[in-house]
Amino acid sequence: TEWNVSVWGKRRAFTEHVEKLAELVSAKTNGEFTMNVSYGGLSKNRENLDGISIGAFEMAQFCAGYHRDKNRVVTVLELPFLGVSNLEEEVAVSKAVYAHPAAAEEMEQWNAKLLMTSPMPQYNLVGTGDPRDTLAEFEGMRVRATGGLGKAFEAVGGVPTSVTATEAYQAMESGVVDTVAFAQHAHLAFGTINQADWWTANLNPGTVNCPVVVNIDAYDMLSDAHREALDSSVDEALDHYLANYATLLEKWDSVLAEKNVAKVEIDEAVLAEFRAKAADPIRDAWIADMEGQGLPGQELYELVVKTLADHRASN
Amino acid sequence: MDNITIGLWVTSGMLVMVVLGMRVAFAAALAGFIGIIWIFWAKMGYAPEKFLYWNERREIWDGALGKSIAIAGSVPHSKVSSQALSLIPTFILIGYLAYYAKLTTALFEAAKRWIAWVPGGLAVSTIFATAGFAAVSGASVATAAVFARIAIPEMLKAGYNKQFAAGVVAAGGTLASLIPPSAILVIYAIIVEQDVGKLLLAGFIPGAFSAIIYGGMIVGIAVIFKSVGPPVTGFTWRERFESLPPALPIVAVVVIIIFFVYNPFGDAWGTPTEGGAVGAFIVFLMALFRGMRWPELKSALLETAKLTVMIFTIIWGVLIYVRFLGFADLPGAFSDWITSLEMSPWLILICILLAYAVLGMFMDAIGMLLLTLPVVYPAIMALNGGEAVTAAESSFGMSGPMCAIWFGILVVKMAEFCLITPPIGLNCFVVAGVRDDLTVQDVFKGVTPFFVADAVTIALLVAFPSIVLWLPSLA
Amino acid sequence: MAGSSAVLEDGSLLSRLDRQLLKLEQVFALISGLAVFSLMFLAAYSVGGRKFFASPLAGYVDWIEALMPLIAFMGIAYVQRDGSHIRMDMVIGKLSGRVLWAAELLSVVLILLLMIALVMGSWAHFERSFDCARPLCSRDSSIDIGIPIWPSKLIVPVAFSVLCLRLMIQVWGYGRALVLGLESPVAVPLVQSIEEQALAEADQLGGHDNG
Ligand code: NA
Ligand code: NA
């Protein structure tokens with residue numbers, strides 16, 4: 001069996017679990033089941049779910065925020081200020097939501113089955129000029145942030161501005177935006193760190209959720225041995241991803257020092273104020289919207305909160 | 001049959017269709033579509049029922065044909081709805097609006113009053129006026145057509161050789177695609193997924209450089225053969241300064257496009273897409289001021305729509321073929337082959353450029369680039385040492401992104417060169433078409449010295465990449 | 001290389017259908033031109049808003065992406081009508097009579113088959129983004145401000161369907177020329193020499209005598 005896997009960009013920390021999965025599956029099946037990872041050759045990133053639905057390829061990665069209407073359920077994981085503080089917690093809450101019947105049912109409409117997440121750290125800001133560490137300073141701030149995150153900054157007077165990830169550097173240089181919200185690997189990959197004067201170390205406003213899915217028909221057609229090889233490799237692939245990302249995060253502090261970027265710690269009082277203004281109304285609006293469409297919004301949100309608490313208790 | 005073999009068959013089939021005269025866009029799309037069907041059918045084992053399989057659980061066609069229809073049918077919208085591609089229609093619109101803003105005559109008048117006193121003066125003025133017009137026009141052929149009407153009569157009046165005058169205009173027209181705005185540079189950037197802004201910036205100096213080489217060659221010819229083009233003198237300083245204001249919007253557009261990409265004095269003003277659109281807006285205001293009204297605007301819009309659709313149809317058509325290549329992985333195989341050759345990378349590069357010269361004799365520039373780049377570009381990048389290579393470790397002495405820019409300028413210059421070479425040099429046909437007193441042979445004869453100039457330019461760009469890379473390396 | 005060319009007209013049913021369809025194609029092409037025009041204002045508004053009023057246009061990229069299909073597809077049949085889609089006429093330019101009509105017929109039949117497939121495929125692409133059980137019928141939304149994408153996806157099969165109609169007329173036109181052995185058939189673009197094409201191209205710009 002040969003599977004085509006559609007991801008995008010270049011090979012990076014964000015795609016390491018997919019590469020590892022391919023490696024593990026092939027090793028476990030003596031090369032009988034291989035995966036051919038294609039970086040953008042098979043589909044545009046925002047059409048990967050369409051490709052899975054058609055059966056153009058058997059596995060793909062996408063981000064929920066690219067097209068909220070395609071995947072309403074998993075956008076719960078992109079709500080601002082969920083309180084997720086590290087990648088392990090991100091894996092835990094994603095796993096819980098992916099296992100919820102509403103998520104499975106919505107993905108089934110795309111002939112897709114959620115396999116694993118691509119855990120992303122919190123999207124902290126890099127910015128130019130003086131650090132913005134009070135809510136008053138967010139007023140009028142042009143920020144590159146998409147989806148729920150953009151809404152959060154809007155709630156405190158920021159101006160979310162749409163530029164693509166590849167244009168983010170240019171947008172920052174040209175003053176189209178004052179700040180850019182990315183995960184660390186993206187600040188490095190898209191060069192926004194080179195423009196930065198400061199980085200918010202603890203704003204932790206939220207992140208994007210990027211599942212890896214498989215085509216249901218292709219999954220069902222696998223022999224038992226091959227399916228077992230795939231299923232059993234998921235956790236191992238995620239562990240590899242987490243370990244790899246951890247080394248990247250270790251490097252992060254030295255990159256900040258080298259580029260002379262100030263590490264801004266925001267007061268807990270300011271964060272609380274931000275949460276009150278942004279998190280609560282956006283979450284309430286999201287829940288109302290989902291319930292209005294017949295989806296269990298409240299239940300999903302509570303699932304995330306409970307999973308997070310359980311995960312912390314068990315560690 | 002393996003995917004590479006399928007890739008070769010389909011690619012050959014596409015080239016045969018193109019040579020036999022099928023519209024390039026549809027030949028590429030059809031080849032891609034058939035290729036995708038073939039790949040999926042091969043994957044499913046060529047069973048007849050797998051070709052037209054109906055998946056009852058999901059109530060859709062799920063065989064090779066159904067999947068291929070769905071895959072190919074998603075490409076046009078998916079690829080075309082891109083912000084970067086919006087530069088192409090904007091650049092085309094600027095050119096048409098500039099015509100109604102009467103910028104062509106204004107430029108020629110200004111160039112004439114300021115520089116016609118040198119030997120071969122009117123010809124040199126024509127070259128610099130076409131270079132100036134290139135800054136508001138994305139299309140070479142249009143530039144040649146417009147200047148054939150303005151500049152040739154003046155040169156004939158001043159006693160210029162008829163064939164030479166025609167050659168000057170045909171060659172000057174080619175400058176439009178290097179000097180931004182340039183639709184063809186945007187297309188290159190999209191196909192190879194590189195920074196549009198840096199590529200546009202990279203075009204300025206080679207474009208100006210080409211103009212200077214043309215100008216220098218004209219002066220040389222005029223000095224040696226006194227009869228070719230006598231100087232034109234007698235303009236007062238007052239007349240010279242009076243000629244400047246009507247040509248000013250050109251300066252405004254150049255400044256805007258540069259400053260939106262790279263501002264030497266501080267923060268750039270925005271993104272290239274915004275720069276192009278704001279430039280168009282200024283030329284639009286100028287055209288309104290110069291008397292453009294709804295009938296003229298409507299015809300500008302229709303012509304823009306027409307040219308835009310022609311270009312976009314080729315783009316999505318070729319991208320269906322490229323999607324097929326993605327499934328067949330032919331580009332990977334080709335670059336493996338190129339890098340395995342026991343030849344100097346420089347020699348391979350020169351062979352590829354020569355192949356473009358031959359291909360360009362028969363093909364349209366945009367079609368040629370779109371059809372070849374998906375395969376050739378990855379090979380060039382691999383030859384240099386990969387996308388992420390550093391300058392020190394590379395074959396051509398430049399980093400991956402810089403190599404992408406450099407090669408882009410080289411192939412665009414090659415494509416422009418082909419606009420004036422026989423047997424199918426479109427610019428020469430256009431000039432001959434505009435002037436009743438000129439045959440195509442006359443124009444080809446007159447343009448011959450410019451081949452030499454272009455060959456020199458290309459050789460210099462290959463030998464001294466910093467001519468291309470200096471400006472983009474600042475941004 | 002390019003080559004817009006003359007389309008002859010007469011009183012026959014075929015020619016009347018050709019001209020009726022042309023009216024629709026012209027409207028579509030003009031919509032495409034106006035969409036290009038609006039790009040200009042969108043950018044001027046976005047830059048102006050940002051520079052002078054600290055209020056950039058929300059979802060600028062989303063709006064441009066939604067406009068692009070209008071620009072790129074609406075004129076496709078209009079361009080096919082007079083044969084302006086780029087091709088190499090080295091070989092086909094040397095043919096004449098029935099051989100030429102047979103070659104042209106084969107070419108438009110192949111294009112028609114392709115376009116029928118692409119109408120189906122682009123319709124399926126639209127359908128995946130469309131579900132009227134949901135707010136605004138939206139099953140696919142833009143990245144930044146979440147506007148529904150289906151209207152933009154719907155443009156593709158619509159424009160391609162008009163192209164299919166145009167191709168059917170051309171199949172009829174070339175087929176008729178082949179069967180009857182006509183010299184200069186109506187409703188199809190006639191091959192011009194490169195010189196004639198260049199002249200036509202130059203006339204487009206020079207016709208208004210203000211250059
Ligand atoms: Na230009
Ligand atoms: Na040529």
Side-chain angles (χ1 to χ4, degrees), chain B residues 18-26 29-30 33 69-70 72-74 76-77 80-83 85-86 89-90 93 99 102 104-105 141-142 145-146 149-150 270 274 277-278 280-281 284 296 301-306 308-310 312-314 362-364 367 424 426 429-430 432-434 440, chain C residues 1-2 29-30 32-34 36-37 39-44 46-47 61 64-69 71-76 78-79 84-92 103 107 110-111 114 117-118 120-125 152-153 156 194-195 197-199 201-202 204-206 208 210-211:
Chain B
V18 168
V19 169
L20 291 184
M22 186 149 166
R23 313 271 164 198
V24 172
F26 300 118
L30 186 62
F33 176 54
I69 287 176
S74 71
H77 180 274
V80 158
S81 51
S82 125
Q83 187 208 4
L85 278 176
S86 72
T90 324
L93 181 62
Y99 178 75
K102 302 189 175 134
T104 39
T105 33
V141 175
V146 168
R149 282 171 201 281
I150 310 170
E274 291 172 336
V278 173
F281 189 66
F284 167 68
E296 293 87 15
L301 292 180
L302 269 179
E303 290 304 322
T304 303
K306 220 170 142 176
T308 305
V309 167
M310 280 164 61
F312 273 100
T313 308
I314 302 189
F362 308 101
M363 277 198 75
D364 168 85
I424 305 190
L426 204 53
F429 287 116
V430 167
V434 173
V440 178
Chain C
M1 186 68 218
L30 191 60
S32 156
L34 287 169
V36 178
F37 200 50
L39 272 184
M40 212 168 73
F41 289 99
L42 213 56
S46 165
V47 174
V61 176
I64 289 187
E65 290 186 351
L67 265 180
M68 285 307 292
I71 292 169
F73 300 113
M74 290 299 270
I76 190 166
Y78 179 64
V79 175
S84 293
H85 283 296
I86 290 168
R87 69 165 168 188
M88 287 178 72
D89 30 26
M90 258 187 332
V91 175
I92 209 160
S107 177
L110 286 176
I111 299 176
L114 169 76
L118 290 181
M120 292 165 65
S122 57
W123 175 263
H125 195 56
S152 150
K153 285 186 172 168
V156 185
I194 293 167
E195 287 84 350
Q197 285 171 24
L199 194 60
E201 206 155 319
Q204 278 170 7
L205 271 178
H208 327 274
N210 64 351

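Numbers restart at 1 for each chain; the letters A, B, ... are given by sequence-line order, proteins then strands.
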> About how many Å separate CG of C:Leu67 and CD of B:Gln83, when rounded to the nearest 0.5 Å?
Replying inline: 12.0 Å

>> Tell me every residue that passes ring-ring contact (aromatic ring centres under 6.0 Å, His included) with C:Tyr78, counting only those two or more places apart in sequence or in another chain.
In response: none

> Who among B:Val278, B:Thr90, B:Thr304, B:Thr313 has the most heavy-atom pairs with chain C under 4.5 Å?
Replying inline: B:Thr313

> Can you tell me how far CG of B:Leu85 sits from CE of C:Met68, rounded to the nearest 0.5 angstrom?
Replying inline: 5.5 Å

>> Let's test your reading of the structure: which of B:Ile314, B:Val18, B:Thr308 forms the most heavy-atom pairs below 4.5 Å with chain C?
In response: B:Val18

> What residue in C:Ile71, C:Ile92, C:Val47 has the most heavy-atom pairs under 4.5 Å with chain B?
Replying inline: C:Val47

> Looking at B:Ala25, B:Ala70, B:Ala305, which one has more heavy-atom pairs under 4.5 Å with chain C than the rest?
Replying inline: B:Ala305

>> Let me confirm one number: the CG-CZ distance from C:Leu110 to B:Arg23, rounded to the nearest 0.5 Å.
In response: 13.5 Å

> Between OG of B:Ser81 and CD1 of C:Ile64, what distance do you get to the nearest 0.5 Å?
Replying inline: 12.0 Å

> What is the distance from atom CD1 of C:Ile111 to atom CG of B:Leu30, rounded to the nearest 0.5 Å?
Replying inline: 8.5 Å

> If every non-hydrogen atom of C:Leu114 is compared with every non-hydrogen atom of B:Phe26, which pair is closest and at what distance?
Replying inline: CD2-O, 3.8 Å

> Which pair of non-hydrogen atoms, one from B:Ala277 and one from C:Met40, has the smallest distance, and what is that distance?
Replying inline: O-CG, 3.4 Å

> Which one of C:Met120, C:Lys153, C:Met74 has the most heavy-atom pairs closer than 4.5 Å to chain B?
Replying inline: C:Lys153

>> Counting heavy-atom pairs closer than 4.5 Å to chain B, which one of C:Ala44, C:Ala72, C:Ala29 comes out on top?
In response: C:Ala72

> Parallel, tilted or perpendicular: which describes the rings of C:His125 and B:His77, with under 30° parallel and over 60° perpendicular?
Replying inline: tilted

>> Please give me the minimum heavy-atom distance between B:Pro76 and C:Val156, naming the atom from each residue.
In response: CB-CG1, 4.3 Å

> Of all residues at least two apart in sequence or in a different chain, which pass the ring-ring contact (aromatic ring centres under 6.0 Å, His included) check with B:Phe33?
Replying inline: none

> So what's closer than 4.5 Å to chain C heavy atoms on B:Leu93: side chain, backbone, both or neither?
Replying inline: side chain

